[in-house]
Amino acid sequence: MTDTTDPTDGDAERERVSVPSEVELPRLLDFYELQTEDQTQIHEFYDNLRDGRLTTTQCRNCDEVHFPPRIVCPECTGDDLEYVDLPHKGELFAFSEVRGGLPLGLSEHDVPYVVAVVDLGPIRLSGRVDGASYGDLEIGDPVSLKVVEIDGPTDEERVFYRFEPADGDAK
Ligand SMILES: [Zn+2]
């Protein structure tokens, strides 16, 4: 007995389904933190950065300066912290080049790029260095802060910091 509506029959008309031509970046794999007050307790850091100021927390109890910003002092466990300005110029303490294996959401066409540990004086922090290739740089080179806007899978206006080579002038 033959059922002419058998969907496995090669001649039967089949429903067509499609898959997306590109996959949207899942929010959980987003490299950058959400930056608003309802999402993070260090929102003031991002608010200041959006205004062009690199800041971090300093403990009013023991004077320790932290980076990244904290909500509790890792030195004395006090929670009386204030935001203080950091210098926008520093020196390359160490650097390397990223050639591949980027996290999702960071385009492979960006590679290679330079990441560095930058000595700002009060603290050292890591960040990307734009505007130079690995071979252009030496330990101790002066760099200055730049703030970039982040495009991402959220409507939030987000920012982050990077560095770029600077002339040797004092800040
Ligand atoms: Zn402290």
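Just so you know, these numbers use all the heavy atoms, side chains as well, and skip hydrogens, waters and symmetry mates.
- Under a 3.5 Å cut-off, the side chain of Q58 and the backbone N or O of E82 do not form any donor-acceptor pair.
- By the 4.5 Å heavy-atom criterion applied to side chains, T55 and V84 are not counted as neighbours.
- Both cation-pi conditions hold for R124 and F93: the charged atom is under 6.0 angstrom from the six-membered ring centre and inside a 45 degree cone around its axis.
- Of the possible polar contacts, one joining the H88 side chain to the L54 backbone as a donor-acceptor pair under 3.5 Å is found.
- Formation of a donor-acceptor pair under 3.5 Å by the R158 side chain with backbone atoms of Y32 is found in this model.
- Within the 6.0 Å centre-distance limit, the rings of Y134 and F95 are counted as a close aromatic pair.
- Atom CD of E164 sits in a crowded spot, with more than 12 heavy atoms from other residues, nucleotides or ligands closer than 6.0 Å.
- More than 12 heavy atoms of other residues, nucleotides or ligands lie within 6.0 Å of CD in Q39, so this atom counts as buried by the packing criterion.
- Looking only at distances, a side-chain donor or acceptor of T57 sits under 3.5 Å from a matching main-chain atom of R70.
- A distance of 10.5 Å separates CZ in F45 from CZ in R50, rounded to the nearest 0.5 Å.
- Residues F67 and L86 have side chains in contact (heavy-atom distance under 4.5 Å, counting atoms from C-beta outward).
- The backbone N or O of Q35 lies less than 3.5 Å from a partner atom in the side chain of E156, making a donor-acceptor pair.
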